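Please read all numbers here as calculations on a predicted model, not as lab measurements. Whatever order the structure lists them in is the order used to number ligands and atoms, beginning at 1.
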Amino acid sequence: MYRLATELGLVGEVSNDSLGVLVDASGRPEQLDALGRRLVGEAPPLARINDVEVTEVPPANGVEGFRIVDSRAEGAPAVAVPVDVATCADCLRELEDPADRRYHYPFINCTNCGPRYTIIQSIPYDRASTTMSVFPMCKDCRREYTDPADRRFHAEPNACPVCGPQVSRPLEEAAADLLAGQILAVKGLGGYHLACDATNHEAVVALRRRKARDDKPFAVMVRDLDEAGRLCDLTPAAEKALTSVRRPIVLAPKRAGDTGLSPRIAPDLPELGLMLPYTPLHHLLMAAVGRPLVMTSGNLSDEPIAHDDADATTRLGPMVDGTLTHNRAIHIRCDDSVVRATPARDSSAPLGVMDTDRAETSPGRVQMVRRSRGYAPEPIRLFAPTPHQVLAVGAELKNTVSVAKGQNVIASHHIGDLEHLAAYRSFLQAVDHLCGLTGVTPEVVAHDLHPEYLSTKFATELDVPLIAVQHHHAHIASCLVEHGRAPDAPVLGIAFDGLGLGPDGTIWGGEFLVADLHGYRRVGRLRPVPLVGGNLAIKEPWRMALVWANEALGHAEAVRYGQVVDPRWPAILTLAERPDALLTSSAGRLFDAVAALLGLRTVVTYEAQAAIALEAVAAGAPAPDDYEVDIHGGDLLELDPSPLVARIVAERDRGTATAIVAAGFHASLGRAVAEAAAALARAHGLDTVALSGGVFQNARLTHHVETGLRVRGLDVLVHEHLPPNDGGVSVGQAAVAAASVVLRH
Ligand code: ZN
Ligand code: ZN
Ligand code: FE
């Protein structure tokens with residue numbers, strides 16, 4: 001503002017207040033027009049302009065020049081806490097310029113880039129309230145910081161080699177250790193990574209062993225887009241995501257042939273998670289190493305990522321050969337975000353066609369899988385302001401928490417699976433920190449219906465009015481928020497998910513809901529079947545395969561299947577046949593079952609591994625969509641995949657290629673889901689269908705359902721910016737609570 005206004009010769013002042021930026025400028029009409037135009041057109045990369053409001057005021061008389069006045073701190077803060085941003089082009093140029101005073105300085109940053117969320121301890125956001133407060137600026141840095149014309153004017157983490165943070169050892173030395181096959185703990189922006197040479201198979205295998213991570217894929221950092229393109233097929237959307245200032249990990253199809261990477265990086269998967277360097281330290285390290293590095297979260301198995309130095313030494317020390325750390329503290333942990341690039345497809349293509357050849361010509365999509373560093377805590381706009389401040393505590397797995405205040409929902413970074421004590425501790429910190437940063441004092445707390453989730457238990461112990469939001473209603477609500485849907489504009493929601501408690505005491509996960517933000521009514525579901533072994537059903541897909549074989553083909557076939565896969569089958573079958581067995585309509589468990597019946601995975605080492613394998617094996621195969629699925633009408637429509645399961649077993653026994661059977665499962669189920677949803681939408685006078693739940697991370701199923709709905713003339717809302725999985729649940733909960741009337745007692 002200051003630079004533009006002085007360039008244009010305007011007089012007046014600019015300030016921040018709790019609502020945003022306030023400009024008071026006087027000049028000729030054409031000067032003021034130019035200001036309005038250039039303000040939007042030349043906004044710095046990180047500026048976020050929601051609205052520009054112009055009011056005529058009397059001209060300022062006797063004022064000379066343009067000045068910046070001190071921020072008005074009155075009122076609760078509503079201005080967003082900024083996200084962490086990848087190193088900008090200007091800083092990179094200086095980083096590589098031997099004449100620059102920050103040549104090869106691993107902490108170079110400016111107002112357009114650098115750490116933000118991860119170093120902010122409290123608001124208002126200025127240097128004193130960040131972990132940079134322990135580094136007093138030198139004279140040169142101070143001059144930049146106080147000069148409105150400088151790129152580093154009020155760059156709170158501003159630093160240089162004279163006054164700023166330092167790395168623990170020379171980067172060239174760390175690079176040499178990595179090239180020699182060592183595993184290093186590398187302190188980054190939101191936590192520590194475990195790093196090793198991605199082309200060194202022994203190092204990758206050792207990393208898996210030490211981290212106790214069997215199969216779950218590792219992310220790979222590459223130096224630039226060219227190197228990324230040598231490893232993966234990138235759609236324009238994937239390239240855009242990779243190079244964006246948010247720098248997420250991008251899941252994209254591996255290139256065929258030998259890329260030189262260890263096959264243990266993403267075992268049995270057709271995709272690889274790539275990211276580009278996002279801190280100067282990464283840029284320097286990648287240049288020194290000159291080859292792709294595995295950069296996986298610094299943790300043991302599924303624990304939260306280590307971000308605190310002492311904790312990292314304790315937890316990561318035994319896993320690594322060395323450390324590359326620095327003395328700029330990370331205040332709040334923040335994992336790398338993950339997006340999935342889905343193949344470019346023509347949604348007008350006939351049913352059953354998967355057009356992967358068009359990837360070259362159409363941009364494709366990226367879909368959020370884990371929304372964390374670079375995205376959190378950027379506000380998500382609500383349709384209307386919330387009458388009360390809300391805290392939403394999320395689900396149990398892939399937990400995030402959200403707050404709602406004014407017209408915004410602010411979701412936290414990724415917290416993790418609360419069944420781990422360390423993650424629960426991290427959850428408590430995140431709740432405190434997010435409320436503190438946003439100035440939210442919860443007046444309503446939204447939680448899941450499930451009484452045993454630790455997040456629910458936490459909520460019920462607070463002395464604040466509560467709103468229990470059904471899990472799948474929250475999923476659909478998150479999709480409605482993402483698409484800016486009015487709170488009282490109902491859609492037909494298809495929630496295809498893992499497990500979530502329904503109000504009837506059964507475990508839901510394949511539901512058709514007439515829903516808006518005020519409420520929902522279930523109008524359809526997948527046929528419920530016994531859920532045997534509770535959480536073990538997730539880890540051991542053969543159990544649900546046994547159940548579905550029993551349902552679809554009868555006892556004898558179930559016995560035949562059970563005998564082949566696991567000696568414990570008689571006990572499971574007995575449980576499944578008990579009249580009081582707990583029932584589930586989960587779509588996620590159906591995918592697990594089909595994957596197991598096809599022999600892809602009978603046990604898994606990470607959530608949804610079997611379903612991912614089922615989608616992967618179908619790649620490139622013709623997709624028959626004529627496998628039968630029963631749809632029964634009635635008050636509650638029921639989609640019964642029994643004939644589909646029976647057909648799959650028959651095709652398997654007949655020796656049909658697994659790829660074709662898997663593709664046929666996706667296409668046929670997708671066709672039936674679209675058909676059922678379209679009938680329900682028609683019956684309830686709805687023209688829009690929203691897809692949410694973790695199963696819609698499956699791009700193939702999403703494609704079939706979406707296509708089937710569009711050809712029937714329906715609008716389809718799919719996730720792009722929020723994860724369809726449980727990471728998005730807290731946003732949906734917050735939106736439902738914001739739209740509801742709360743009765744106080
Ligand atoms: Zn910069
Ligand atoms: Zn300095
Ligand atoms: Fe869910």
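His719 and Phe696 have their aromatic ring centers separated by at least 6.0 angstrom. Separation of the Tyr125 and His154 ring centroids does not fall under the 6.0 Å cut-off.
Counting non-hydrogen atoms of other residues, nucleotides and ligands closer than 6.0 Å to OH of Tyr145 gives a total above 12.
Between the side chains of Asp336 and His414, not a single donor N or O lies within less than 3.5 Å of an accepting N or O.
Draw a line from the Zn ion (ligand 2) to SG of Cys163 and another to SG of Cys141, and the angle between them is 110° (to 10°). To the nearest 10 degrees, the angle centred on the Zn ion (ligand 2) between SG in Cys160 and SG in Cys138 reads 100°. Angle SG(Cys91) to the Zn ion (ligand 1) to SG(Cys88), rounded to 10°: 110°.
Asp497 contributes atom OD2 as its closest N/O/S atom to the Fe ion (ligand 3). Of all N/O/S atoms in Asp726, OD1 sits nearest the Fe ion (ligand 3).
Using a 4.0 Å cut-off between charged nitrogen and carboxylate oxygen, Glu452 and Lys457 count as a salt-bridge pair.
Contact annotation: His471 places an N, O or S atom under 2.8 Å from the Fe ion (ligand 3).
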